[in-house]
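What follows is one structure encoded as structure tokens, with my remarks underneath.
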Amino acid sequence: MRVLFTTAMAGLAIAVTSCENNQSALKPFRNVSANMLIGTAVDPEALASDAPYAELLARQYNIVVPENALKFEITEPEPGRFDFADADRVIDFAEAHRMAIRGHVLVYQWQSEWVRNNYVDQYDNAGPGTYGAKDVKAILDRHIETVMGRYKGKIKYWDVVDEVICDPVGTNNVDRSSIDTILQHSFWYKAFKILQAHGDVSEDFVSYSFRKAHSVDPDCKLFLNDYGIEGYNGWGEKSLAARALVQMLLAHGVPINGVGLQMHQTPDNDPSVTDNLAGNIQAWKKMGLEVQITECDVKIPPPRQFGQDMAQKELQEQARTYYNLVKTARDNGASAFLTWGFTDRYSWITWKYPGFGAALPFDEYLKPKPAAYAIEAALSGEPFANDK
Ligand code: XIL
């Protein structure tokens with residue numbers, strides 16, 4: 001397999017699936033994508049230990065996002081102790097290969113366990129090892145200043161907040177009447193409600209975080225990122241809640257530049273087919289927002305025998321979905337399209353969604369799957385070819 005991969009690296013014809021006759025060399029995505037950055041989430045350990053992984057990454061893509069390395073639990077594993085080893089590895093690699101960088105994420109209620117698990121819902125005087133509202137604000141300020149400040153001028157796009165919008169419950173849509181009913185009541189939210197009541201801050205944690213981020217790096221494009229907001233209506237009209245939220249932020253002069261649509265999908269849940277992804281992108285653009293597809297993967301069951309005989313029908317459906325999503329993003333002016341990893345060798349899907357796997361465009365041997373050829377075709381403005 002290493003031989004095949006090396007061959008691909010040399011840009012020679014490769015024959016990598018059972019349909020050998022129809023295979024041609026896969027062109028670097030970065031060379032065929034004119035107006036949209038094309039990228040992937042990156043795992044710093046793989047980058048350090050797996051040379052073919054790093055080569056394929058550099059060959060194909062022109063934007064990266066560290067998958068976990070910029071999250072709170074990695075950058076600040078203990079209060080005030082910062083660790084940038086993982087993030088630096090990804091960012092140095094990206095700079096060396098002239099790739100743009102997305103930062104993910106400054107304010108997230110997950111993967112920030114030492115704060116979340118020790119938050120107490122009171123203004124101040126929290127006991128040792130616990131954090132009240134005033135402490136939470138100090139933690140947030142220091143975190144944004146330190147992490148964003150370190151990469152100022154290097155990271156062009158930051159997810160300031162991720163997954164802050166309520167999920168629809170049962171058959172109910174999210175109540176869009178106010179910011180308080182749109183936002184999830186995370187510890188960040190609760191702390192800032194208390195601070196607002198005490199007059200320490202004038203706004204919710206989302207508005208505050210965007211303003212803070214803007215003050216640290218005024219040239220960085222600041223994004224709100226979420227799932228379930230990919231289609232025009234979204235999951236239970238969650239997209240309508242997202243647009244209502246951002247309208248409120250804009251009305252208050254909050255410096256927000258873009259929205260990230262995560263795009264963790266399946267072939268039978270393709271928002272370009274079922275929920276007007278094009279109209280959604282256009283609606284955001286009409287509001288003056290930049291749109292990026294930030295975490296795309298298309299889950300299918302794993303190969304029947306891992307590493308052999310992938311089910312052709314499933315791979316074709318997956319390819320068609322990738323084609324549709326990339327084409328819709330490109331045709332409607334999304335500024336970047338990123339997948340959540342690029343090889344099934346490293347993917348969160350395997351452990352997160354039992355019964356699924358193989359969600360990415362390259363297989364576990366780094367061979368291009370039909371999805372990779374579909375992405376190439378969509379980026380090149382070519383029709384979808386069923387035989388690849
Ligand atoms: C996931 C990572 O891929 C995993 O490795 C980690 O254990 C959990 O988080 N939405 C997001 C991402 O915004 O940050 C998540 O990443 C996937 C869902």
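Just follow the structure's listing: the first ligand is 1, and inside any ligand the first atom is 1. Basis for what follows: all heavy atoms, side chains included, without hydrogens, waters or symmetry-related copies.
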Open item on the list: For the aromatic rings, using the six-membered ring if either is Trp, is the centroid distance between Phe384 and Tyr323 under 6.0 Å?
Closed with: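 So the answer is yes for these two rings.
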Open item on the list: Please give the remaining members of the hydrophobic cluster of Tyr157, linking ILVMFWY side chains under 4.5 Å, ordered by chain and number.
Closed with: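 Leu37, Ile63, Val65, Phe223, Leu338, Trp340, Trp348, Ile349, Trp351, Tyr353, Phe356, listed by chain and number.
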Open item on the list: Taking transitive links into account, so neighbours of neighbours count too, which hydrophobic residues share a cluster with Val273 at under 4.5 Å side-chain distance?
Closed with: none
Task: Parallel, tilted or perpendicular: ring planes of His143 versus Phe72, cut at 30 and 60 degrees - done: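 His143 vs Phe72 ring planes: parallel.
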Open item on the list: Parallel, tilted or perpendicular, judged at 30° and 60°: which one describes the rings of Phe205 and Tyr189?
Closed with: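 The arrangement is perpendicular - the two ring planes meet at more than 60°.
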Open item on the list: Show me the pairs that pass ring-ring contact (aromatic ring centres under 6.0 Å, His included) and involve residues 280-301, at least two apart or across chains.
Closed with: none
- [ ] At a heavy-atom distance under 4.0 Å, which protein residues reach ligand 1? Sort them by chain and number, would you?
- [x]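 Correct list: Glu67, Asn68, Lys71, His104, Tyr108, Gln111, Asp162, Glu163, Gln262, His264, Glu295, Trp340, Trp348, Trp351.
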